[in-house]
K.L.:
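Below is the structure I would like to discuss, written out as structure tokens.
Each chain gets a letter, A, B and so on, in the order the sequences are listed, and its residues count up from 1.
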Number of protein chains: 2
Amino acid sequence: MVDTQARAVERGPGRPREARVTGAALNAVVELITEQGVAAVTMDAVAARAGVSKPALYRRWPSKQALIVAAAETRIGPLSVPDRGDLRAELRDVLSSRSASYRLPGTDRLLAELIGAAARDSAVREEYAAYADRVTSETRIILERAQARGEVRPDVDIRSAATLVAAPLVYRLLAERDLPDARFVDNLVELIVRAVTHES
Amino acid sequence: MVDTQARAVERGPGRPREARVTGAALNAVVELITEQGVAAVTMDAVAARAGVSKPALYRRWPSKQALIVAAAETRIGPLSVPDRGDLRAELRDVLSSRSASYRLPGTDRLLAELIGAAARDSAVREEYAAYADRVTSETRIILERAQARGEVRPDVDIRSAATLVAAPLVYRLLAERDLPDARFVDNLVELIVRAVTHES
DNA sequence: CTGATATCGATACTTCCGGTAACGAATCAG
DNA sequence: CTGATTCGTTACCGGAAGTATCGATATCAG
């Protein structure tokens, strides 16, 4: 990840890492988790599926959990949030995009495993926190822009509101064990807009 | 849990289960997870800490994950929701109570492990789904009562709104890695009330 | 071209942990 | 008393995470 890119740039001595290995491994994780569930994701299975040796995996990621975090990031990365000058439209954009990611098969298990891994290992936890922050920052940006425009009431606490926007999709997926569909997104947008703006 | 109570009532032949074992095991799980983290919760460690044998654990819970689910339920069980005739007050009640539970040390790790375990094992998943449903039902009840009173707009979708209420606390705890404090609860209550009622 | 370095795949290994089996002792119902 | 089920103790099995070592290969510095 960061390590890989840095090494690819600085180009120290020795045989360079084969680019094929990294991609194949991340793919294998997603495939295994989608087809057979989290329990099937063993390092041996990932190595076999990717056509790669186990030590090659450990040269790239310090643990299985770190590998899973990296795989998750290929699925649910940060989004770009174009400024459309309209809170409702931007909320609909970001929530629709994210709910589409969440509806991909296997994403629920990937996310659940991510949370579990973060609880286990402190190194993974920090990486996960940074990732989560990156993911939620766009929501915060949308709200801040709208507040600057006067569309969002000045007394609204942006951080609380950002949590209110980001949380329901994940909760619907992981706690309520259901897919966040378009109707749910519509309902959320209306509720949130009413919560943070001056509309009646 | 259910199994234990049923057996304690029907009283079949044979040596009865020692009540001490169940409680000591659940305590040990919470203590271990709080003091040393999830990784320290091995069945051997739980047995040792509880002064109990490993087979005694497996006579009560079919797997380690089931044991953790049971331990979690002792921490974050369902709440009673007295009808106070006022949406804002009832929301404040339920969110304050729940955020107090979440602030107990170790609850974050317990919850994260719960989600991870649900992703791994289908039996645990169903048990967890039932538990989650129990937990969120009170929120739904509050909203339905308020809608019947006319306090909540008739066009509000109760299920979506219930998710909007239940999700932020957990999200703040697990994704944003921060404790849901009283100020956050206040902010949420105001945002949600504005979202679902006729107030401007 | 040469030597140093770091990768590759393959294999074997250690270690830890979840879960089970087998025991004798204890405690109930009938 | 008899049969059933629990208890704790101990030992064991199997799987999976992570490491070590190997010869072979690829790149860089000089």
Side-chain angles (χ1 to χ4, degrees), chain A residues 3-25 28-29 32-33 36-71 113 116-117 120-121 123-124, chain B residues 3-25 28-29 32-33 36-71 113 116-117 120-121 123-124:
Chain A
D3 180 37
T4 308
Q5 298 183 354
R7 187 161 297 280
V9 171
E10 61 181 51
R11 261 331 203 149
R15 175 174 175 174
R17 290 187 176 169
E18 287 186 17
R20 169 189 149 266
V21 175
T22 302
V29 171
L32 281 171
I33 218 171
Q36 306 177 40
V38 182
V41 184
T42 70
M43 291 305 256
D44 290 280
V46 172
R49 168 75 69 118
V52 153
S53 72
K54 207 157 58 143
L57 298 180
Y58 281 99
R59 281 186 203 103
R60 284 167 177 75
W61 300 280
S63 69
K64 174 188 161 185
Q65 295 169 341
L67 168 57
I68 291 182
V69 172
E113 192 62 14
R120 277 201 166 75
D121 187 88
V124 170
Chain B
D3 181 39
T4 308
Q5 296 183 355
R7 187 162 297 281
V9 171
E10 61 181 51
R11 258 330 203 149
R15 175 174 175 173
R17 290 189 175 169
E18 287 186 17
R20 168 188 150 265
V21 176
T22 302
V29 170
L32 281 171
I33 218 171
Q36 306 177 40
V38 182
V41 184
T42 69
M43 290 304 257
D44 290 279
V46 172
R49 168 75 68 117
V52 153
S53 74
K54 209 158 54 142
L57 298 179
Y58 281 99
R59 281 185 202 105
R60 284 167 177 75
W61 300 279
S63 70
K64 174 187 162 185
Q65 295 168 343
L67 169 57
I68 291 182
V69 172
E113 192 61 15
R120 275 202 167 75
D121 186 88
V124 171

K.L.:
Output all residues satisfying side-chain hydrogen bond (donor to acceptor under 3.5 Å, both in side chains) with Q36(B), sequence neighbours left out; order by chain, then residue number.
P.N.:
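So Q36(B) forms no side-chain hydrogen bond (donor to acceptor under 3.5 Å, both in side chains) with any residue.
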K.L.:
Who passes salt bridge (Lys or Arg N to Asp or Glu O under 4.0 Å) against R120(B), sequence neighbours left out?
P.N.:
E113(A)
K.L.:
Which whole-number value in Å describes the distance from R60(B) CZ to dG19(C) P?
P.N.:
17 Å
K.L.:
Check the distance between dG8(D)'s P and R17(B)'s CZ and give it to me in whole angstrom.
P.N.:
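To the nearest whole Å, that distance equals 12 Å.
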K.L.:
Side chain to side chain contact (heavy atoms under 4.5 Å, CB included) with A50(B): which residues, sequence neighbours excluded?
P.N.:
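Partners of A50(B) by the side chain to side chain contact (heavy atoms under 4.5 Å, CB included) criterion, ordered by chain and then number, come out as A24(B), A28(B), V52(B).
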K.L.:
Can you measure I68(B) atom CD1 to dG18(C) atom C1' for me and round it to whole angstrom units?
P.N.:
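It is 12 Å, rounded to the nearest whole Å.
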K.L.:
Only counting residues at least two apart or in another chain, list the ones meeting side chain to side chain contact (heavy atoms under 4.5 Å, CB included) with P62(B).
P.N.:
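Listed in chain order: A66(B).
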K.L.:
For a quick test of reading the model: is some side-chain N or O of R20(B) closer than 4.0 Å to OP1 or OP2 of dT6(D)?
P.N.:
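Negative; the distance criterion is not met.
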K.L.:
Please give me the minimum heavy-atom distance between Y58(B) and S63(B), naming the atom from each residue.
P.N.:
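Scanning both residues, the minimum pair turns out to be CE2-CA, 4.3 Å.
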K.L.:
Keeping R60(B) on the side-chain end and R17(B) on the backbone end, is there a donor-acceptor pair under 3.5 Å?
P.N.:
no
K.L.:
Of all of residues 40-49 of chain B, which get a heavy atom below 4.0 angstrom from DNA chain D, listed by number?
P.N.:
none
K.L.:
Once side chain to side chain contact (heavy atoms under 4.5 Å, CB included) is applied, do any residues pair with A45(B), and if so which ones, sequence neighbours excluded?
P.N.:
L32(B), T42(B)
K.L.:
Output the rounded distance in Å from CG (L57(A)) to C1' (dG9(C)).
P.N.:
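After rounding, the reported distance stands at 12 Å.
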K.L.:
Rounded off to whole Å, could you give me the CH2-to-P distance for the W61(A) and dG18(D) pair?
P.N.:
14 Å
K.L.:
What residues form a salt bridge (Lys or Arg N to Asp or Glu O under 4.0 Å) with K54(A), not counting sequence neighbours?
P.N.:
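With sequence neighbours excluded, K54(A) shows a salt bridge (Lys or Arg N to Asp or Glu O under 4.0 Å) to D44(A), given in chain and number order.
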K.L.:
What N/O pairs connect the protein and nucleotides 20-25 of chain C at under 3.5 Å? Give each pair on its own line.
P.N.:
none

